[in-house]
Amino acid sequence: MTIAIIGAGLAGTACAYALKQAGIAAEIYEAGPSLAGGASGNTMGLVNPRLSADRNPESDFYASSFAMAVRSFDAIQKHTDIGWHKGGGLHLMIEEKKQKRLPHTVANWGWPEAHMRIVSPAEASEIASLPIAHEALYLPDAGCVNPSALCRFYAQGSKTHLNARIESLSDIKADAIILACGAAAKNFPETEFLPLSTVRGQITRVKATEKSLKLRCNIGYGGYCSPALNGEHMVGATFQRWLDHTDLQPEDDRENITLLQQYVQALHGDFEILGSRAALRTASKDHFPIAGRLAGHPPIYLSLAHGSHGIATSLGAAHLLADMILGRPLSQSRFSVNALAADRFQ
């Protein structure tokens, strides 16, 4: 069986990894000069599920993908450094909407208290090792990973063609094709109907200070901040639907730092900016990933629109596509499979 994967970011390389685990070799075609050249190219990314008040087909996919990612990264990190740091994550309840919604998340998701719970400002401060003024939802299994290193690990053993822009899917000779190329999927007639758009995000790398070195976990507050790893924090990210470029903007760095210091006042003071990176994440019209099979021969499979939770959802989608291609029992419920399907837009 020959599988062609178009795109060498997290979505594409995760598919190669899931197929490799089943003994199927895939070839990866990447339009750019390197793996993880786009939104997957950051050196640090936070691993969280997208939180919702209810359990539904969408949240079931986020929850299972997050659990799959945590288990996988725990195992991978034992023999390959992918920068996985499971330090936990605090989602600050900074507004009335979150104060109402997040307790419902805890109640309806039904996770054991050891894996999800609401904590007081005092307990949040103890967890973070810094004063926190808000209640928070605490996820002890959350963490951060190096997405670029993860893509390189996923792609090991797969033949990869760089600078290989595919103009037509008919040029690919394979038993199945997986499109994992973000918004570029709209360039193909077979998938031009998909309502894909891009969201620009700029992250800021700052040098850890004497105070910030105490931070032990991820903090989410609308923006986010990682604990200090290798002497630096990642702070981000802007969310700009109206911009379609990746030029760095100094005002975005200031915005990222200002938002952090607004909600974690213990980190007031000057941060030295070590660098920035901007990328275009791909999203769908309903802000949910697209994963599944299109009709046709050879069959076309999709792993697209993973947005800001793509580190986890790209792996969940990859295993689902491998299940479909190999005719195995599906790792997602039929309700989640239907929610992910591209025909929801037709």
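- For the pair Leu213/Leu215, no side-chain contact is recorded, criterion being any heavy-atom separation below 4.5 Å from C-beta on.
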#### Entry: Audit row: Asp253, Gln202, side-chain hydrogen bond (donor to acceptor under 3.5 Å, both in side chains) steps and yes/no
CA-CA 8 Å; Asp253 292 329; Gln202 181 167 318; 3.1 Å; yes
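- Put simply, Ile5 and Leu340 are part of the same group of oily side chains (I, L, V, M, F, W, Y) that touch within less than 4.5 Å, one to the next.
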### Task
Could you check Glu123 against Arg117 for salt bridge (charged side-chain N to carboxylate O under 4.0 Å, His left out), going step by step and ending with a plain yes or no?
CA-CA 11 Å; Glu123 189 176 357; Arg117 66 182 187 273; 2.9 Å; yes
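- Remark: Gln346 CD is packed, more than 12 non-hydrogen atoms of other residues, nucleotides or ligands lying under 6.0 Å away.
- A salt bridge does not link Glu192 with Lys186: none of the charged nitrogens is closer than 4.0 Å to a carboxylate oxygen.
- Listed here is the closest heavy atom pair of Ser284 and Ala305: N-CB, 3.6 Å.
- No path of Ile, Leu, Val, Met, Phe, Trp and Tyr side chains, each step under 4.5 Å between heavy atoms, connects Val199 with Ile203, placing them in separate hydrophobic clusters.
- Looking at Ser197 and Arg241, their side chains come closer than 4.5 Å, going by heavy atoms from C-beta outward.
- If you chain together hydrophobic residues whose side chains sit under 4.5 Å apart, Phe61 and Val337 fall into the same group.
- Listed for the Ser65 side chain is no donor-acceptor partner under 3.5 Å among the backbone atoms of Tyr62.
- Side-chain contact between Leu196 and Thr191 is absent, with no heavy atoms from C-beta onward closer than 4.5 Å.
- Within 6.0 Å of NE2 on His268 lie more than 12 heavy atoms contributed by other residues, nucleotides or ligands.
- Around CD of Glu126, the count of heavy atoms belonging to other residues, nucleotides or ligands within 6.0 Å does not exceed 12.
- No donor-acceptor distance shorter than 3.5 angstrom exists from the side chain of Ser314 to the backbone of Ala14, with no hydrogens or angles considered.
- Considering OH of Tyr138 and OG of Ser120, their distance stands at 13.0 Å, rounded to 0.5 Å.
- In terms of modelled atom types and a separation under 3.5 Å, the side chain of Ser212 and the main chain of Ala208 share no donor-acceptor contact.
- When atom types are taken as modelled, the side chain of Thr198 and the backbone of Leu280 share no donor-acceptor pair closer than 3.5 angstrom.
- Under a 3.5 Å cut-off, the side chain of Gln261 and the backbone N or O of Leu267 do form a donor-acceptor pair.
- Taken from OG in Ser170 to CZ in Phe188, the straight-line distance is 10.0 Å, to the nearest 0.5 Å.
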### Task
Starting from the C-alpha separation in whole Å, work towards a yes-or-no answer on side-chain hydrogen bond (donor to acceptor under 3.5 Å, both in side chains) for Glu27 and Ser158.
CA-CA 6 Å; Glu27 291 196 35; Ser158 298; over 6 Å; no
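- Asn230 CG: 12 or fewer foreign heavy atoms inside a 6.0 Å radius.
- For the pair Ile82 and Phe73, the minimum side-chain heavy-atom distance is below 4.5 Å.
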### Task
Start with the C-alpha distance between Glu232 and Arg205, add both sets of side-chain angles, then the distance that settles salt bridge (charged side-chain N to carboxylate O under 4.0 Å, His left out), and finish with yes or no.
CA-CA 7 Å; Glu232 63 182 62; Arg205 294 168 39 238; 2.7 Å; yes
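- Within 6.0 Å of atom CD in Glu96, 12 or fewer heavy atoms from other residues, nucleotides or ligands are found, so the atom counts as exposed in its surroundings.
- Ile172 and Leu304 fall within the same hydrophobic cluster, where Ile, Leu, Val, Met, Phe, Trp and Tyr residues are linked whenever their side-chain heavy atoms come under 4.5 Å apart, directly or through other members.
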### Query
Should Asp54 and Ser52 be marked as a side-chain hydrogen bond (donor to acceptor under 3.5 Å, both in side chains) after you check the CA-CA gap, both sets of side-chain angles, and the distance that decides it?
CA-CA 6 Å; Asp54 299 317; Ser52 61; over 6 Å; no
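- A distance-only check finds no donor-acceptor pair linking the side chain of Ser336 to the backbone of Ser333 [under 3.5 Å].
- What you find for His115 and Pro140 is that their closest heavy atoms are O-CD, 3.3 Å.
- Inter-residue side-chain proximity for Leu102 and Glu135 is flagged as unmet; no heavy-atom pair is nearer than 4.5 Å.
- For the residue pair Arg277 and Asn42, a side-chain donor N or O sits within less than 3.5 Å of a side-chain acceptor on the partner.
- Looking at Trp109, its side chain never comes within 3.5 Å of a backbone N or O of Ala63 through a donor-acceptor pair.
- Taking both residues in full, the closest heavy atoms of Gln77 and Gly83 are given as OE1-N, 3.4 Å, listed atom of the first, atom of the second, then distance.
- Side chains of His91 and Asn48 form a contact here, defined as non-hydrogen atoms less than 4.5 Å apart.
- For the residue pair Thr105 / Arg101, no side-chain donor-acceptor distance below 3.5 Å is found, with atom types taken as modelled.
- Counting heavy atoms from C-beta outward, Leu169 and Glu190 have side chains that approach closer than 4.5 Å.
- Cluster partners of Leu274 are absent, since no Ile, Leu, Val, Met, Phe, Trp or Tyr has side-chain heavy atoms less than 4.5 Å from it.
- Of the charged side-chain nitrogens involved, none lies within less than 4.0 Å of a carboxylate oxygen, so that Arg200 and Asp244 do not count as a salt-bridged pair.
- Of the N and O atoms on the side chains of Asn146 and Thr43, not one donor lies less than 3.5 Å from an acceptor on the other residue.
- Here the side chain of Asn218 pairs a donor or acceptor atom with the backbone of Gly143 at under 3.5 angstrom.
- The CD1 atom of Ile290 lies 4.5 Å from the CG atom of Leu194; values are rounded to the nearest 0.5 Å.
- Of all non-hydrogen atoms in His233 and Ser226, the two that sit nearest each other are ND1-O, 2.8 Å.
- Asp74 has its side chain within reach of Trp84: a pair of non-hydrogen atoms, C-beta onward, lies under 4.5 Å apart.
- Taking OG1 of Thr160 as the start and CG of Leu35 as the end, the distance is 5.5 Å to the nearest 0.5 Å.
- In terms of modelled atom types and a separation under 3.5 Å, the side chain of Arg328 and the main chain of Met324 share no donor-acceptor contact.
- Considering all non-hydrogen atoms of both residues, Ala174 and Pro298 come closest at O-CB, 3.5 Å.
- A pairwise comparison of heavy atoms in Ala53 and Asn108 identifies O-ND2, 2.8 Å as the closest pair.
- Heavy-atom contacts from other residues, nucleotides or ligands closer than 6.0 Å to CZ of Arg165 number 12 or fewer.
- For Lys86, the NZ atom sits in a packed shell: over 12 heavy atoms of surrounding residues, nucleotides or ligands are nearer than 6.0 Å.
- Both Ile219 and Val119 are assigned to one and the same hydrophobic cluster, defined by single-linkage of ILVMFWY side chains at heavy-atom distances under 4.5 Å.
- Taking CD1 of Ile132 as the start and CD1 of Ile127 as the end, the distance is 9.5 Å to the nearest 0.5 Å.
- Inspection of the Gln240 and Asp252 side chains reveals an N or O donor paired with an N or O acceptor under 3.5 Å.
- Ring geometry for Phe153 against His79 counts as tilted: the plane angle lies between 30° and 60°, on a 0 to 90° scale.
- Remark: the backbone N or O of Ala8 is paired with a side-chain donor or acceptor of Glu30 at under 3.5 angstrom.
- To the nearest 0.5 angstrom, Met93 atom CE is 10.0 Å from Lys98 atom NZ.
- Under a cut-off of 6.0 angstrom, the local environment of CZ in Phe335 is sparse, with at most 12 non-hydrogen atoms contributed by other residues, nucleotides or ligands.
- Judged purely by distance below 3.5 Å, without hydrogens or angles, the side chains of Thr238 and Glu255 never pair a donor atom with an acceptor atom.
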